[in-house]
Amino acid sequence: MALGFVQGVIQGAALVFQPFAMLLILVGVTIGIVMGSIPGMTATMTVAVLVSFTFGMQPSEGMMLLLGIYGGALYAGSIPAILIRTPGTPSAAATIFDGFPLSENGQAGYAIGIATVASFIGGVTSIVIITFLSPEIASIALNFQSPEFFALAFFGLTIIASVSGNSVVKGMLSGLLGMLLATVGLDPMQGYPRFAFGYTALSAGLQFIAIMIGLFGIAEGLSRYAATLEQTNIEQDITGITPSFADISEIRNVTLGSSIIGTFIGSLPGAGGDIASFVTYNEAKRWVKNATPPFGDGNIQGVAAAESGNNSSTGGALVPTLTLGIPGDSVTAILIGALMVHGIRPGPRLFETEPQLVYAIFVGFFMVYVVILFAGLLGSRLWVRIISFPEQYLWPTIFVLCVVGSLALRGNLFDVWAMVAAGVMGYLLREDGYPLAPMVLGMILGPIAEENLRRSLELSDGSWLIFATSPIAATLLVLSAVSLLLPLFLNSRGEDEPTDEGA
Amino acid sequence: MAIEIKRSEQIGAILFLILSGIVYYLSGTFPEGQGQTGPGSYPRVVVTLIAVFALFQLARSLYAGESTVHEIRAPTIKRVGIVVALVVAYVITMPYLGFLVGTVAFLAVTIHYSGERNLRQIALVSVLVPIVLHYAFGAFLRVRLPENVLLPISRLLPPLPLVIGGIS
C-alpha cells in the first residue's frame, strides 16, 4: 500500500536509524571516499565490485551500503581532481578547471572544503526534490501498459546512446549488444532456453551482476595495466578546509541552481554526473558576470557548480530507477540488479509493494550526504593520502574481489567465467571506442523491452500500430527517434559532446 | 615493437554483422510462438538493429576513407595478456587449490608482477586479504567458497568472532 509523504519518511527513517544500517552508511561512505580518491576508480566500478557484500543483508541494509559507496565515491572524485589535476571519477572532470588552480595557489584545502559543502548541498537538494516528485511520477506510471513500457525502455536506450559523445552509433551497438546478452537463457513468455546449446548454466541466463563486475572491474584493471601502474605522491599541506559563511554566501546561488539542473540531468536515463557537472559549470559561467577571479583561474563558484552538479545527479538518477525501473546511470543499474537478487523489481509498483524500502532509500541517501559533509571536512587530510595508495596492491585485490563477488551470486564457477569473459570483451570494446555504460543499461532494459514488446504484439494480434495508438508510447518513440538522430546530425557537423562512461 | 590495426571501425562493423547473421540464423531454429512473438522474434529484432547500425558504421567509415590506426605496443599486449592469464589460471585452479591457497598464490604472483619487490609486504598482503575475504564471504555472508581438495585449510582457521555473528 502506498504511504503518505510524512508517514513514508517516518517509516523509512525507522529502517535507516538502526545501528547496523547507520554503520553500513558509515562504512559505505568511507569505502566510497577511499576508492573515489584513487584516480581511475569510478563509483560504478566500486559499487560493481562490492555489490556482492550485500547479498546476505536485508534489501534496505544493502542499499545503505551501496548508496554510501555511490555518494562517497562521487564526492571523493573531486579530491585528486583538485590536487593532481586527475579526476578520481569522470564526474569530477569539470572540478579540475577551478579546483586545480586553487591547489596551485596553495589553497587545496580551501578548494576541497568548498567541494565538500557544494557536494553536500547538491546531494541533499536532489534528494529532497526526488522525495517529493518520485511518488507523483510513480502514480502516473502506474497507468502505463505494455506499449508504454516498451516505448519507455526503447527511449531509455536511445537516450543512453545519444549521450555517448561523438560515438552515437557505437553507443547504440553497445546498448544493443547488452540487450542481446540479456536474451541468453529462458525466454520470458514461453520459457524456451535460448542460446543455451544444451548447457544448464546457460539456460539460467547470464547473471547481470557478474557481467557488470567484469565490464567495470576486470576491464578497468586491464586498462590500468595497459597504461602501466603509477604511484602519485602528494606533497601539499591541506589546511583551511572549512569554508567561512562569506564563502558559503558567495557560492549559495550557483550551488542551488546547479543542484536543480544536476537533478534534472541525472533523472535522464544514461546522463550521469559527468554530463551534469559540465553543463552546470557552463551555466555558472553564464550566471556569474565579471567573476573575480575569472572562471578557470581558481574561482570557488566554478568548483561549487561542478561539484553540486555532479552530486545532485545521483538523486536524479534514482527517479527513473525507482519510479519506472529504468536505470538513470550505470550505478543505479547495479542497484536494480542488487534489488533483483532479493526478488524486488523496481518500477511504479515499488511504491505500493515496498513503500518502506523506497523511503528508506531516500532517507538513507540523505544521511549519506550528511556523513559525507562531516567526513569531508574532518577527514580530508587522511583522504588526500589515499591518492598515493600503491596500485600494485590495489588491482590484484580488486581482481580477487571480482572473482569472489561473481562466485557469491550462485556459488558456481560459470558466473566467474562469464565475468572474466565480459571483462576481456569490455576491455577490447573500450579500446576500440565503444562505451560500456550503454551495454549495462541495455542488459537491464532488454528484458523490459522484450516482455512488453511481445505482450503488446500479442494484444494487437501482431499489429505494430498499437504503439501509434497509445499517445504516451507514440510520443516516447518520436522522442527516441529525435534523441537518436539529433546527435548523429550534430556529429556530422563536427560538434562533440562529453562522453558518459560511468559515474 | 608495435602492432598496427588499420580500419578498426570497419573490422568492428564486420564482426557485428557476422554476429548478427549467426544470431539471426540460430533464432530461426527456435519454436514458433503466437503470431510474431515466438522466442526467436525479439533476438531477431535486436540483431536486425545491430546489423543496421553496423552497416551505418561501415558505410560511414568507407565513405570517409577511415584512416584510424590503432597502434598497440608489444609490452602493452604482453602486460595485459599476462594479467588475463593470471586471472584465468586463478579461476581454473581454484576448485583444486581452494579459495585460500589459490588466492594467496594469485595475489603473491600478481603483486610481484605488478612491480612490488618487498617480499615481506607481498607475503603479508597475500595472506591477510584471503583470510579477511574468507571471513567476510565464507563465514559472514555464508558463501560456499571452494576448499582445497587435499587439505581443508579453512577448517584450521578460528570461527568468526561472536560479535559479528550477533550483528548479522
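So that the names make sense, note that chain A is the first sequence line, chain B the second, and so on, each numbered from 1.
Looking only at heavy-atom pairs under 4.5 Å with chain B, the residue among A/L407, A/V420, A/V404 that has the most is A/V404. Between chain B and the residues A/D432, A/V416, A/T183, A/L177, the most heavy-atom pairs under 4.5 angstrom are made by A/D432. Of all the listed residues (A/S52, A/S223, A/A226), the one sharing the greatest number of non-hydrogen pairs under 4.5 Å with chain B is A/A226. Contact count versus chain A (heavy atoms, under 4.5 Å) is highest, among B/H112, B/Q57, B/K78, for B/Q57. Chain B forms more heavy-atom pairs under 4.5 Å with one residue of A/D187, A/L186, A/I218, A/T54 than with any other, namely A/D187. Looking only at heavy-atom pairs under 4.5 Å with chain A, the residue among B/L145, B/V46, B/L107, B/V91 that has the most is B/V91.
With a 4.5 angstrom heavy-atom cutoff, A/A182 does not touch chain B via any of its atoms. Both the backbone and the side chain of B/I92 come within contact range of chain A, with heavy atoms under 4.5 Å apart. With a 4.5 Å cut-off on non-hydrogen atoms, B/V125 touches chain A through its side chain but not through its backbone. Interface residue A/E431: only backbone heavy atoms are found under 4.5 Å from chain B. The parts of B/V80 that come within reach of chain A are both its backbone and its side chain, each placing non-hydrogen atoms under 4.5 angstrom from that chain. For chain A, the nearby parts of B/V88 are the backbone and the side chain; heavy atoms of each come within less than 4.5 Å. Contact of B/I111 with chain A is made through backbone and side chain together, with heavy-atom distances under 4.5 Å.
For the 3.5 Å distance criterion, the side chains of B/Y113 and A/Q392 fail to qualify, holding no donor opposite an acceptor. In summary, the side chains of A/Y225 and B/S114 do present a donor paired with an acceptor at a separation below 3.5 Å, with no hydrogens or angles considered.
In terms of heavy-atom proximity, A/L413 sits nearest to B/P95 at CD1-CG, 3.3 Å. When every heavy atom of B/T29 is checked against every heavy atom of A/Y192, the shortest pair comes out as O-OH, 4.5 Å. Of all heavy-atom pairs spanning B/G12 and A/Y434, the tightest one is CA-OH, 3.9 Å. Here the closest non-hydrogen pair linking A/L173 and B/A54 is CD2-N, 3.9 Å.
A donor-acceptor pair under 3.5 Å is formed between the side chain of A/R194 and the backbone N or O of B/P39. Listed for the B/Y90 side chain is no donor-acceptor partner under 3.5 Å among the backbone atoms of A/V400.
Between B/T110 and A/W395 the shortest side-chain heavy-atom distance does not fall below 4.5 Å. Within the 4.5 Å cutoff, side-chain heavy atoms of B/Y42 are placed close to those of A/M179. Taking the side chain as every heavy atom from C-beta outward, B/L19 and A/L180 approach each other to under 4.5 Å. A 4.5 Å side-chain heavy-atom check between A/L401 and B/L133 finds at least one atom pair inside the cut-off.
Between A/F53 and B/F137, the gap from one ring centroid to the other is short of 6.0 Å.
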Next item on the list: Go through the steps for B/F53 and A/K170 under the test side chain to side chain contact (heavy atoms under 4.5 Å, CB included), then give the verdict.
Entry: CA-CA 8 Å; B/F53 282 101; A/K170 286 185 172 176; over 6 Å; no
Checklist line | Criterion side chain to side chain contact (heavy atoms under 4.5 Å, CB included) on A/F399 and B/T103, from CA distance to verdict | finding: CA-CA 10 Å; A/F399 289 146; B/T103 307; over 6 Å; no
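The number of heavy atoms from other shown groups lying within 6.0 Å of CZ (B/R117) is above 12.
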